[in-house]
2 protein chains.
Amino acid sequence: MDKRGRQPRCRCRLGPGNYQVQARVERFIEPAVLLLLAESPSHGYELAEALESFLEDGRVDFGNLYRLLRSLESEGLVTSVWSEEAPGPLKRTYKITEEGSQLLDAWVESLRAGQERIASLLRRYETI
Amino acid sequence: MDKRGRQPRCRCRLGPGNYQVQARVERFIEPAVLLLLAESPSHGYELAEALESFLEDGRVDFGNLYRLLRSLESEGLVTSVWSEEAPGPLKRTYKITEEGSQLLDAWVESLRAGQERIASLLRRYETI
DNA sequence: CCGTATATATGTATAAGACACATATAATCA
DNA sequence: TGATTATATGTGTCTTATACATATATACGG
């Protein structure tokens with residue numbers, strides 16, 4: 001038994017001096033979805049696949065992704081239509097709105113700033 | 001009144017098409033504290049000041065910072081001694097341990113990976 | 001002696017976020 | 001009829017962020 005209590009979500013201790021850390025950006029899935037929809041309209045099931053290459057931390061839960069999409073639409077950041085032309089069951093195809101596009105711009109600006117904060121820490125780490 | 005519900009923590013809508021986003025790395029204060037202590041031993045009150053230039057999102061709450069430091073010590077990532085030599089009230093001076101140093105290394109590695117994920121999104125954004 | 005600043009804690013509370021799992025629906029196809 | 005695709009909502013738990021209150025003790029200035 002390890003005397004240490006339970007560990008934080010984003011890191012775990014594999015053994016003495018052996019740590020694994022997963023640095024996450026809060027709500028990173030949001031700009032990811034907005035960017036994918038800015039590239040081209042898409043639907044939930046398709047987005048889930050595209051997000052995997054993006055987020056790298058495993059699969060996205062379908063339920064939570066659909067919930068996010070409904071929420072983005074309720075905020076006016078995306079709009080959707082039921083597309084009938086495609087084969088298979090009905091797909092709700094989302095596209096980004098002007099508002100969503102401007103939120104994406106704000107995300108990008110903020111991610112650049114965040115990158116600079118991280119870079120600043122890393123540079124300082126190098127000098128030790 | 002705005003029909004939209006309450007907003008996420010990390011962004012707010014100032015007006016039509018006017019968003020402000022704050023991209024945060026989860027638990028970023030942890031590598032920041034470890035790095036500062038890797039540079040030189042320090043105590044809570046002093047760290048609070050140094051962290052402001054680092055984190056950029058306003059002041060750090062003293063209570064929560066002290067709690068974090070006690071927690072890091074309980075995990076064996078830092079150690080502390082009461083230093084009597086200095087003027088003023090007793091200061092608990094922390095220094096990083098070997099374990100803490102290795103956790104910092106893991107954080108750095110993970111932050112680099114995170115930077116690359118962000119960069120990847122930003123590059124893709126540029127192509128739109 | 002008293003108030004203020006420095007310094008270190010702990011207690012409590014709430015909101016937001018991450019994540020997992022269950023359930024429900026409908027269409028399509030083999 | 002059952003499997004696959006596709007969309008949703010409900011629920012629950014844990015973590016993180018943050019704020020505010022409270023308590024202690026030292027030291028210094030007036």
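Chain letters run A, B, ... following the sequence lines, proteins first, then strands; residues in each count from 1.
A:E116 is linked by a salt bridge (Lys or Arg N to Asp or Glu O under 4.0 Å) to A:R123, counting only residues two or more places apart in sequence or in another chain. By the salt bridge (Lys or Arg N to Asp or Glu O under 4.0 Å) test, B:E39 pairs with A:R124, sequence neighbours left out. Checked against side chain to side chain contact (heavy atoms under 4.5 Å, CB included), A:S71 has the following partners two or more places apart in sequence or in another chain: A:E75. Legend: residues meeting salt bridge (Lys or Arg N to Asp or Glu O under 4.0 Å) with A:R59, ordered by chain and number and at least two apart, are A:E52. Among residues two or more places apart in sequence or in another chain, the salt bridge (Lys or Arg N to Asp or Glu O under 4.0 Å) test is passed with A:E98 by none.
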Shorter than 3.5 Å, N or O on both sides, protein versus nucleotides 28-30 of chain C: list them out with atom names.
none

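Side-chain contact of B:D105 with A:Y125: a donor-acceptor pair under 3.5 Å is present, judged by distance alone.
A heavy-atom distance below 4.5 Å is found between the side chains of B:Q115 and A:L122. The shortest side-chain heavy-atom distance between A:L104 and A:L37 does not fall under the 4.5 Å cut-off. B:F54 is listed as a side-chain neighbour of B:L35, based on a closest heavy-atom distance under 4.5 Å. B:K95 has its side chain within reach of B:T79: a pair of non-hydrogen atoms, C-beta onward, lies under 4.5 Å apart.
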Which donor-acceptor pairs under 3.5 Å do side chains of residues 20-29 of chain B form with protein atoms, sequence neighbours excluded?
residue, atom, partner, partner atom, Å
B:E26, OE1, A:R9, NH1, 3.0
B:R27, NE, B:E30, OE1, 3.3
B:R27, NH2, B:E30, OE1, 2.9

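Atom CD of A:Q7 is separated from atom C1' of D:dT16 by 16 Å (rounded to the nearest Å). Taking atom CG on A:D61 and atom P on D:dT7, their separation rounds to 14 Å, with Å as the unit. The interatomic distance linking B:Y94 (OH) with C:dT8 (P) rounds to 8 Å, in whole Å. Whole-Å rounding puts the A:R92 CZ to C:dA26 P distance at 15 Å. Rounded to an integer number of Å, the gap from A:E73 CD to D:dT7 P is 13 Å. Nucleotide D:dT16 holds its C1' atom 15 Å from the CG atom of B:L55, rounded to whole Å.
To the nearest 0.5 angstrom, B:Y94 atom OH is 12.5 Å from B:L34 atom CG. If you take CG on B:N18 and SG on B:C12, they are separated by 8.5 Å, rounding to the nearest 0.5 Å. Distance check: B:L69 CG to B:R67 CZ gives 11.5 Å after rounding to the nearest 0.5 Å. Here the CG atom belonging to B:L103 is positioned 8.0 Å from the CD1 atom belonging to B:I96, to the nearest 0.5 angstrom. Going from atom CD of A:E109 over to atom OH of B:Y19 covers 15.0 Å, rounded to the nearest 0.5 Å.
Among the atoms of the strands shown, base atoms are found under 4.0 Å from some heavy atom of A:R9.
Using a 4.0 Å cut-off between a side-chain N of Lys or Arg and a carboxylate O of Asp or Glu, B:E73 and B:R70 qualify as a salt bridge. Under 4.0 Å is where a charged nitrogen must lie from a carboxylate oxygen, and between A:K91 and A:E46 no such pair does.
A heavy atom closer than 4.0 Å to some atom of DNA chain D occurs in no member of residues 34-48 of chain B. Proximity of residues 106-118 of chain A to DNA chain D (heavy atom under 4.0 angstrom from any strand atom) is not detected for any residue. Within residues 63-70 of chain A, the residues approaching DNA chain D are A:G63, A:Y66, A:R67, A:R70, by heavy-atom distance under 4.0 Å. The stretch residues 23-32 of chain A has no heavy atom under 4.0 angstrom from DNA chain D at all.
Comparing D:dT16, D:dT7, C:dT8 against the side chain of A:P8 picks out D:dT16 as the nearest.
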note = Each base of DNA chain D marked ( ) or [ ] if paired in-strand (Watson-Crick or G-U under 3.5 Å), | if paired to another strand and . if unpaired gives ||||||||||||||||||||||||||||||
